[in-house]
Amino acid sequence: MSEVRVRFAPSPTGYVHVGSLRTALYNYLFARHHQGRFVLRIEDTDQSRYVEGAVENLLETLRWTGLDYDEGPEKGGPYGPYFQSQRKEIYHEHVQQLLDKDAAYPCFCSEETLNAMREEQQKKGLPVMYDGRCRNIPKEEALERMKSEPHVIRLKVPRTGNTMVKDIIRGDVSFENALIDDQILLKSDGFPTYHLANVVDDHLMKISHVIRGEEWLPSTPKHILLYRAFGWQEPQFAHLPLLLNPDRTKLSKRQGDVAVEDYRAKGFLPQALVNFVALLGWNKGDDQEIFSLEELVKYFSLERVNKAGAVFDVHKLEWMNGHYIRSIAEDEYLRIGQEWLKKLNLDTGDAQKNRLILQAVRPALNKFADLPQKTAVFFKDALEYDEQAKEWLAKPESKEILKIMIEELAQTDELTLESFKTLMKTVQKRSGQKGKDLWMPVRAAITGETHGPDLGIVLTVIGKRKVEQFLKQALAI
RNA sequence: GGCGCGUUCGUCUAGCGGUUUAGGACGCCGGCCUCUCACGUCGGUAACACGGGUUCGAAUCCCGUACGCGCUACCA
């Protein structure tokens with residue numbers, strides 16, 4: 001294989017769709033696996049869709065996921081500029097080439113004309129496509145009218161024959177030329193359409209493999225025809241299966257979070273998101289499911305990409321994120337957790353206590369946004385008891401334990417993990433209770449619940465004063 | 001409507017003609033661990049869309065049907 005060059009070519013819509021992330025990831029993995037180049041190109045040819053800050057957001061999101069590119073915005077490269085909005089002259093030159101070769105033609109049809117035409121076709125049950133009425137305007141006349149009339153440039157698609165798309169994932173897919181529209185290449189505002197800009201840039205940027213979503217498969221024959229019209233060698237194509245909503249429609253907003261930023265904001269780790277999304281349509285071929293980016297690079301191949309769409313299952317993502325929360329280095333976990341405590345107003349102001357809270361909650365944490373709920377026991381001022389807690393506290397043996405605890409607590413300076421341990425030993429001896437019978441009354445009294453994180457940590461964080469208060473309160477009910 | 005793609009447990013998937021009583025993961029259910037929950041661990045639950053072929057033999061190859069999805073813009 002000659003040099004592998006692939007690209008991720010998003011249009012800056014304001015956020016990064018998880019489907020885009022998957023496309024970017026596969027391109028990245030393919031490039032790195034083959035020691036090729038990964039190019040980032042911004043497809044901002046639609047002025048009406050311009051969104052303030054979208055590019056910055058895109059770059060930041062890419063940075064967060066760790067998918068670094070070799071050429072593109074802020075980095076430059078030999079085939080720039082990497083913003084299509086800055087390449088207008090290039091497209092114009094190329095359109096001129098097509099015009100000169102008689103491979104394209106100006107179309108002067110108005111929106112009304114086109115709408116009427118489509119309605120007519122619909123009514124007659126004909127395929128809805130441009131009927132080519134501007135195709136046969138004599139060249140002289142067309143040239144003259146171009147000077148004064150608004151127009152678009154269309155590709156002259158052959159009326160007969162077939163165009164074959166050789167797809168790495170799907171095999172050969174054949175399209176009948178007669179059913180391919182005379183695609184608009186240049187809009188009346190002078191901007192290129194996706195089709196033109198994409199083909200011209202992919203060629204000029206020496207892209208060897210076009211890896212993109214399945215929604216592009218139907219327009220690929222148009223692209224191939226364009227390459228041929230220019231006299232260019234076409235790249236290889238690989239169309240990725242779609243990411244789906246639970247109802248199996250194309251993954252979209254409305255049915256949950258689709259933006260990478262949403263998942264970041266909820267406290268998902270980039271490693272988990274990347275790992276999860278990598279498995280949506282690809283697998284190594286054995287039972288391995290947990291992969292670092294490096295491992296993905298090592299094992300990835302387009303041959304092992306699936307054909308069928310994949311439902312984005314947030315449940316499994318949460319599980320995987322929990323797995324990563326538990327498996328990253330402890331200091332990294334504490335660092336990230338600390339940031340989240342601050343952000344969520346859960347910072348105790350005591351670094352030691354923050355650390356204890358984070359450690360206590362780690363086994364149960366699937367994403368950092370769950371911190372308020374998972375750490376609630378540490379921050380209660382008034383206690384409410386659930387049914388099971390009440391049952392425990394109603395027992396005479398429990399009351400006895402609480403009384404002893406209050407007495408012993410009075411002789412303890414401050415609660416620490418160690419002093420709590422010895423305290424409980426003493427309570428055990430004096431009360432004669434052990435195991436569940438010893439611990440549950442304490443848990444119920446201090447948390448109002450019969451489940452939760454390690455009691456030693458809970459009491460240590462809550463502190464002697466509050467523990468005493470809760471014990472007395474529990475005794476009173 | 002037309003064109004295209006797809007179809008293995010609820011979900012992500014393994015399987016590329018016999019090694020399959022169809023394997024793994026999430027979820028769910030149960031055991032163990034444990035003061036409890038969670039984690040971890042062990043076990044269970046659950047699928048080849050349908051109908052024809054081809055073949056000694058098909059989840060695997062071919063054809064058809066059904067269903068789903070995508071595209072059909074001067075959006076990408």
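Letters A, B, ... are given to chains in the order of the sequence lines, protein chains preceding strands, and every chain is numbered from 1.
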**Student:** Between protein and nucleotides 61-76 of chain B, map the contacts as a letter string: B base, S sugar-phosphate only, - none, heavy atoms under 4.0 Å, written 5' to 3'.
**Tutor:** --------SSSSSBBB

**Student:** Check the surroundings of atom NZ in A/Lys266: do more than 12 heavy atoms from other residues, nucleotides or ligands lie under 6.0 Å from it?
**Tutor:**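 Not buried by this count: 12 neighbours or fewer within 6.0 Å.
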
**Student:** For residues A/Val442 and A/Ile401, report the shortest heavy-atom separation together with the two atoms involved.
**Tutor:**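 The answer is CG2-CG2, 4.1 Å.
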
**Student:** Under 4.0 Å between a side-chain N/O of A/Asn283 and OP1 or OP2 of B/rA14, yes or no?
**Tutor:**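 Answer yes for this pair, as a side-chain N or O of A/Asn283 is under 4.0 Å from OP1 or OP2.
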
**Student:** Categorize A/Gly281 for me: base, sugar-phosphate, or nothing, with a 4.0 angstrom heavy-atom threshold over every strand shown.
**Tutor:**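 Answer is sugar-phosphate: A/Gly281 comes under 4.0 Å of backbone atoms only.
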
**Student:** Cation-pi between A/Arg362 and A/Tyr333: NZ/CZ under 6.0 Å from ring centre and within 45° of the ring axis?
**Tutor:**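 Ring-cation test returns yes.
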
**Student:** Need one value for A/Arg443: base, sugar-phosphate or nothing, where a base atom within 4.0 Å counts as base even if backbone is also close, heavy atoms only.
**Tutor:**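 Answer is base: heavy atoms of A/Arg443 come under 4.0 Å of a base.
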
**Student:** How would you label the contact of A/Leu438 with the nucleic acid (heavy atoms, under 4.0 Å): base, sugar-phosphate, or nothing?
**Tutor:**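 No contact.
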
**Student:** Which nucleotide, if any, forms a Watson-Crick or G-U wobble pair with B/rG43, using both distances under 3.5 Å?
**Tutor:**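 B/rC29 - that is the nucleotide pairing with B/rG43, both distances being under 3.5 Å.
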
**Student:** Tell me, please, whether A/Tyr385 has A/Lys390 positioned over its six-membered ring: NZ or CZ under 6.0 Å from the ring centre and within 45 degrees of its axis?
**Tutor:**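 Negative - A/Lys390 is either too far from the ring of A/Tyr385 or too far off its axis.
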
**Student:** Taking B/rU8 as the reference, what is the distance to B/rA47 when you measure between their C1' atoms (whole Å, please)?
**Tutor:**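 It works out to 6 Å between them.
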
**Student:** Less than 6.0 angstrom from the centroid, inside 45 degrees of the normal: does A/Arg145 satisfy that with respect to the ring of A/Phe108?
**Tutor:**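 Yes, a cation-pi geometry.
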
**Student:** Does A/Asn27 form a side chain to side chain donor-acceptor pair (under 3.5 Å) with A/Arg7? I'd like the steps, not just the answer.
**Tutor:** CA-CA 7 Å; A/Asn27 273 284; A/Arg7 83 295 193 278; 5.6 Å; no

**Student:** Hey, could you give me the NE2/NE2 distance between A/His203 and A/His223, rounded to the nearest 0.5 Å?
**Tutor:**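 Between A/His203 NE2 and A/His223 NE2, I get 15.5 Å after rounding to 0.5 Å.
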
**Student:** Could you say whether A/Trp319 or A/Arg326 is positioned toward the 5' end of RNA chain B, judged by the nucleotide with the nearest heavy atom to each?
**Tutor:**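 Looking at the nearest nucleotide for each, A/Trp319 comes out on the 5' side.
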
**Student:** Go ahead and name the base partner of B/rU54; Watson-Crick or wobble counts if both distances stay under 3.5 Å, otherwise write none.
**Tutor:**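 B/rU54 is paired with nothing.
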
**Student:** Classify the nucleic acid contact of A/Phe276 as base, sugar-phosphate or nothing, counting any heavy atom under 4.0 Å across all strands shown.
**Tutor:**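 A/Phe276: no heavy atom of the nucleic acid under 4.0 Å.
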
**Student:** RNA chain B: A/Asp172 or A/Pro241, which has the more 5' nearest nucleotide?
**Tutor:**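 Its nearest nucleotide lies further toward 5', so the answer is A/Asp172.
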
**Student:** Between B/rA38, B/rU11, B/rC35, which one does the side chain of A/Pro363 approach most closely?
**Tutor:**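 Shortest atom-to-atom distance from the side chain points to B/rA38.
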
**Student:** Quick one: does NZ or CZ of A/Lys88 land under 6.0 Å from the six-membered ring centre of A/Phe191, within 45 degrees of the ring axis?
**Tutor:**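 Pair A/Lys88/A/Phe191 counts as cation-pi.
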
**Student:** Look up atom CZ in A/Arg41 and atom CE in A/Met205, then write down how far apart they are to the nearest 0.5 Å.
**Tutor:**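 Those atoms lie 5.0 Å apart.
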
**Student:** Please name the nucleotide paired to B/rG2 by Watson-Crick or G-U wobble geometry with both distances under 3.5 Å, or report none.
**Tutor:**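 Pair assignment: B/rG2 / B/rC71.
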
**Student:** What's the closest nucleotide to the side chain of A/His315 if the choices are B/rC12, B/rG27, B/rA38?
**Tutor:**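 Selected nucleotide: B/rG27.
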
**Student:** Taking the C1' atom of each, how far is B/rA14 from B/rU19, in whole Å?
**Tutor:**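 Here B/rA14 and B/rU19 have their C1' atoms 15 Å from each other.
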
**Student:** Name the closest nucleotide to the A/Arg304 side chain, picking from B/rA14, B/rC35, B/rC5.
**Tutor:**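 Among B/rA14, B/rC35, B/rC5, the one nearest the side chain of A/Arg304 is B/rA14.
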
**Student:** If a protein heavy atom is under 4.0 Å from the base, mark B; if only from the sugar-phosphate, S; if neither, -; do that for nucleotides 18-24 of chain B going 5' to 3'.
**Tutor:** ------B

